[in-house]
Amino acid sequence: MADPKRFEPAPAPARPAAGGIAARAQAKREAPYLAALNPEQREAVETLDGPVLVLAGAGTGKTRVLTTRIAHILNLGRAHPSQILAVTFTNKAAREMKERVGHMVGEIVEGMPWLGTFHAIGVKILRRHAEMIGLKSDFTILGVDDQIRLIKQLIEAEKLDEKRWPARVFAQIVDGWKNRGLTPEQVPGGEAASFANGKGKKLYAAYQERLKTLNAADFGDLLLECIRLFKEHPDVLKQYQSRFRFILVDEYQDTNVAQYLWLRLLAQMPTTAAPSGGLVLRDASPNSSTGRAERGPYGDAPQDEGKGAANDAFDPHPEEARSAVSKEEAQGVSLEDTWGEPEALDSGSSPSVAAPGMTDRKNICCVGDDDQSIYGWRGAEVDNILRFDHDFPGAKVIRLERNYRSTGHILAAASTLIAHNEGRLGKTLHTEDVDGEKVEVTGAWDSEEEARAIGEEIEQMQRAARDEGADHPLDEIAILVRASFQMREFEERFIQLGLPYRVIGGPRFYERAEIRDALAYLRVIAQPADDLAFERIVNTPKRGLGDAALQMLHDYARKQRIPLTEAAAIMSSTDEMKPKPRNALRGLMESFARWRKQKDTLPHTELAEIVLDESGYTEMWQKDRSADAAGRLENLKELVRSMEEFENLAGFLEHISLVMDTAEGDSEQKVSIMTLHSAKGLEFDTVFLPGWEEGLFPHQRSLDEQGKAGLEEERRLAHVGLTRARKRARIYFATNRRVHGMWQSNIPSRFLDELPAQHVEVKEAAGGTGGFGMSGYGPSRFDEAGAFGSKYTTPGWQRAQGRRGAGGFSENGQPRYVPDGVFNQDEDYGDDVAPPRSSSPPPGGGRSAAAGRREGVKPRVPLTIEGELIAKSSGPASAFKTGDRVFHLKFGNGNVTAVDGNKLTIRFDKAGEKRVVDSFVERV
DNA sequence: CCATGCGGCCTTTTT
DNA sequence: GGCCGCATGG
């Protein structure tokens, strides 16, 4: 990477490691762990000074670099374990890293207190300085459900219609703001106005205030409040800056703006720095695509609407920016390093350097892969990684391109696919492995056949392996789906086959109702002021304390400005309440008093058992006859079991608010079923990738809402999927699929076209009849009715290709893609409807003639309201009427028995009665 | 206060 | 087609 103007971090030349002797000693020890690395990996490990970005493609040894780097730093004596900040996104990653570093260096890691997730480290920092941001150090961390409940109350207090302005929606908006590092004051006016008639900002502020009174923080706060703390208390920031001599970041492509700002502060980069036009922008690397520079971190570009508003985070309104800068700089220049130890010398030399804010170490090493950024929808900014060398001037960029995981064909397929993305830094993965099996692409008639085919292949692989006396462990097989509704089909099939499987993902353990309830009891015991927890369980199990009773408590508590539990204690002995609820309340409060006493005498696990028992909570589930009650009881036991690892209740609660994943303790061999998202970071010998159809993958919604950016993210997801496979990758698409209870026909995913033919083998599912209906691209899922009765007779793939030539694709088989993610714009809208609200207006290009249209096509009725597509009973009347004789591609002939908007109920001759969207049948 | 029924929604998910 | 959340009525 070009770095024409390199700011040499001052101390580089004569930087003694922890004394000359240690340095010498280290030279000998160098060999073993470094020798095991390839040259690029080694460079990534050894380049310790200044900012480093390691672009680590899938399977190139990312974790190894990270862990070896830590080991190396420790080994050279460049820092103590407690002087290294290493952040990850998930607890799992943190755990793994800890373990692997542990193996390399031994017990020292015990003393790596700053290795953890962004959030865990955020909490740790906040607890130490809680008073400075208006909290007490024992503040609670709110989960999403608490968050929503709280917001609901605020919305009600504002007398807003909770229907029109749902708390859930606002919670997401607030989350988005926090992800972007925006405090209430910083939220751009326009954006804030869009919720609740301009009350957005006020609500956000009220929410924050309420959190403070509850002595609570939500997940977003763990970072945002840290940032605020750092900005308002430069001395505190200073402390951490001098502590962290080395910063390592895993999965950098997943960082959001808040995390980015947080890192910049700690890495001693000026956040709102160098007045623009300065050094940084001029450094714009030559190969960076246009558009990046003006979105640079210093926000010198005019704000554009929507997405661009993210810039606000980088460049709060000018006044604020200025004051922030001057404050930081004032402190920054006069730094007097608080570092107590001998090797602190280095900082002394740099402050004199002219460049403002450019002081000290900036030994930050970010590892990531822009091609694996798949969390844009929850605030991750791919830009963070794309722009790294702007943001961290003088950064060294190291590419790891040698793949140690997949065979040649798989890697080639994945690389070719991802090369279709424009917004990427570009890497060329290569392997020295054999070519192996080609990537198989199989067309199936419907999702059921897809599941059947995959089931059979798995059984066959098992058989084949057994014949060879080998074994294809089921653990090495995964089915990676785009959306979780796809899973059911596989589960059903596998149950039939008796094939053991495991679904990974789904609701997190600690998000389950029974766990949250149990925790709420414990929280109230540990923290009587935890109103949200109290509210949660006050009537769970039912004890006659409904809304009315709760309302009284609320009123009283608010009036007296006391926590709910206190209000409850008082009201249980006054006569304001009716006797019945009052007695119930008194009973509950007495229980709590008793449990609180027992807290200090009994082991916490025992206490938990007593609480669950005496509160009637366990009993509630024992009486419950629904199917999952047993599982819930099991979960409760698991919860108690998991408490054993902790010293006390407080320690456990702290842990559980941040962590708590089901330790997936079963060792039985099983096929894994999971979403592509949860597959990131995993690998398997064999990977099945079903559902590669337009609309599902790439997902329509992603296209509609994010346009090109959405498409590229979907493509990265496809790339992630393929690169999970070591030896076999098998892709499927189904022509028909049931979505929301109705059958829908789909065409194969455009991603299939983007795979290199020479590395792919096209198959047809056994007994498959293939065939391609068409649901159409673009904003409508229900248009293009006339694609049926098609002339396609050739098997699947050819038909797919044929179909493409016919509509929406240019000659070379490339999709005729217009940059806003909308296909065949012209065909999808009637004259009377507007194009989708989200994307930019369709450019002139991309209009295809209605080529490939067959005649006899039912005039399509576009159902659009303000660009939102609807398919509901209120829609315009269908062109069909009761009694019509119709043909459906999957079900054959039948008679319409009922019409509901565009939904038809049809009695099919063979298939029985079904509900179908009208665009999928034709009159005969 | 609780059970029942109807209407609306429905991608991905960590902390 | 299924779940969740809310409104109604007992």
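Sequence lines set the chain letters: A, B, ... in the order given, protein chains first and strands last, and positions in each chain run from 1.
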Considering only side-chain heavy atoms of A:Thr90, which listed nucleotide, B:dT13, B:dT15, B:dC1, is closest?
B:dT15

A:Lys580 NZ to B:dC1 P, in whole Å, measures 10 Å

Do A:Gln372 side-chain atoms and A:Arg716 backbone N/O form a donor-acceptor pair below 3.5 Å?
no

Sugar-phosphate only, base, or nothing, as touched by A:Asn539 at under 4.0 Å among non-hydrogen atoms
sugar-phosphate

Applying a 4.0 Å non-hydrogen cut-off, can you work out what A:Gln259 is touching in the nucleic acid: base, sugar-phosphate, or nothing?
nothing

Candidates B:dT11, C:dG5, B:dT15 - which lies nearest the side chain of A:Arg168
C:dG5

Does a nitrogen or oxygen in the side chain of A:Lys178 sit under 4.0 Å from OP1 or OP2 of B:dT15?
no

Which listed nucleotide (B:dT12, B:dT15, C:dG2) is nearest to the side chain of A:Asn91?
B:dT15

Between A:Leu545 and A:Asp175, which residue's closest nucleotide on DNA chain B lies nearer the 5′ terminus?
A:Leu545

Could you state the atom-to-atom distance from CG of A:Asp218 to P of B:dT15 in whole Å?
16 Å

Do any N or O atoms from the side chain of A:Asn539 and from the backbone of A:Lys542 form a donor-acceptor pair under 3.5 angstrom?
no

A:Arg737 (side chain) donor-acceptor with A:Ser745 (main chain) under 3.5 angstrom:
no

Check every atom of B:dT11, C:dG2, B:dT13 against the side chain of A:His677 and return the nucleotide holding the closest atom.
B:dT13

Nearest to the side chain of A:Phe219, which nucleotide is it out of C:dG5, B:dT15, B:dT11?
B:dT15

Atom CG of A:Asp221 and atom P of B:dT15 are separated, to the nearest Å, by 18 Å

A:Gln153 and A:Glu535 side chains, donor-acceptor separation under 3.5 Å
yes

How would you label the contact of A:Leu696 with the nucleic acid (heavy atoms, under 4.0 Å): base, sugar-phosphate, or nothing?
nothing

Which nucleotide wins on minimum distance to the side chain of A:Arg738, given the candidates C:dC6, C:dG1, B:dT12?
C:dG1

Gap between atoms CZ and P, on A:Phe485 and B:dT13 respectively (whole Å):
13 Å

How many Å lie between CZ on A:Arg482 and C1' on B:dT13, as a whole number?
11 Å

Atom CD of A:Glu705 and atom P of B:dC10: how far apart are they, to the nearest Å?
10 Å

Whole angstrom value for the distance that separates C1' of B:dC2 from CZ of A:Arg543
16 Å

Give the nucleotide from the list B:dT12, B:dC10, B:dT15 with an atom nearest to the side chain of A:Arg701.
B:dC10

Kindly indicate whether a cation-pi arrangement holds for A:Arg378 with A:Tyr375, taking the cut-offs as under 6.0 Å to the six-membered ring centre and within 45° of the axis.
yes

Rounded distance in Å - NZ (A:Lys92) to C1' (B:dT13)
14 Å

For residues A:Asp254 and A:Gln259, is any side-chain donor paired with an opposing acceptor at under 3.5 Å?
no

Contact class for A:Lys152 (heavy atom, under 4.0 Å): base, sugar-phosphate, or nothing?
sugar-phosphate

Going by atom types only, do A:Glu489 and A:Ser447 share a side-chain donor-acceptor pair under 3.5 Å?
yes

Would you kindly compare A:Ala120 and A:Ile374 by the position of their nearest DNA chain B nucleotide and give the one closer to the 5′ end?
A:Ile374

At 4.0 Å (heavy atoms only), tell me whether A:Ser678 reaches a base, stays on the sugar-phosphate, or touches nothing.
sugar-phosphate

Which of these nucleotides, C:dG2, B:dC1, B:dT13, is closest to any side-chain atom of A:Ala549?
B:dC1

Face-to-face contact A:Trp377 to B:dT12 six-ring, under 5.5 Å, under 30°:
yes

Select one nucleotide: of B:dC2, B:dT11, B:dC1, the one nearest the side-chain heavy atoms of A:Lys542.
B:dC2

Relative to its sugar, using the 90° cut-off around 0, the base of B:dT11 is syn

Hey, does A:Arg716 reach any base, or is it just sugar-phosphate, or nothing, if we go heavy atoms under 4.0 Å?
nothing

Can you tell me if the side-chain N/O atoms of A:Ser484 get under 4.0 Å from OP1 or OP2 in B:dT11?
no

Is the aromatic ring of A:His119 within stacking range of B:dT15, meaning centres under 5.5 angstrom and planes under 30 degrees?
no

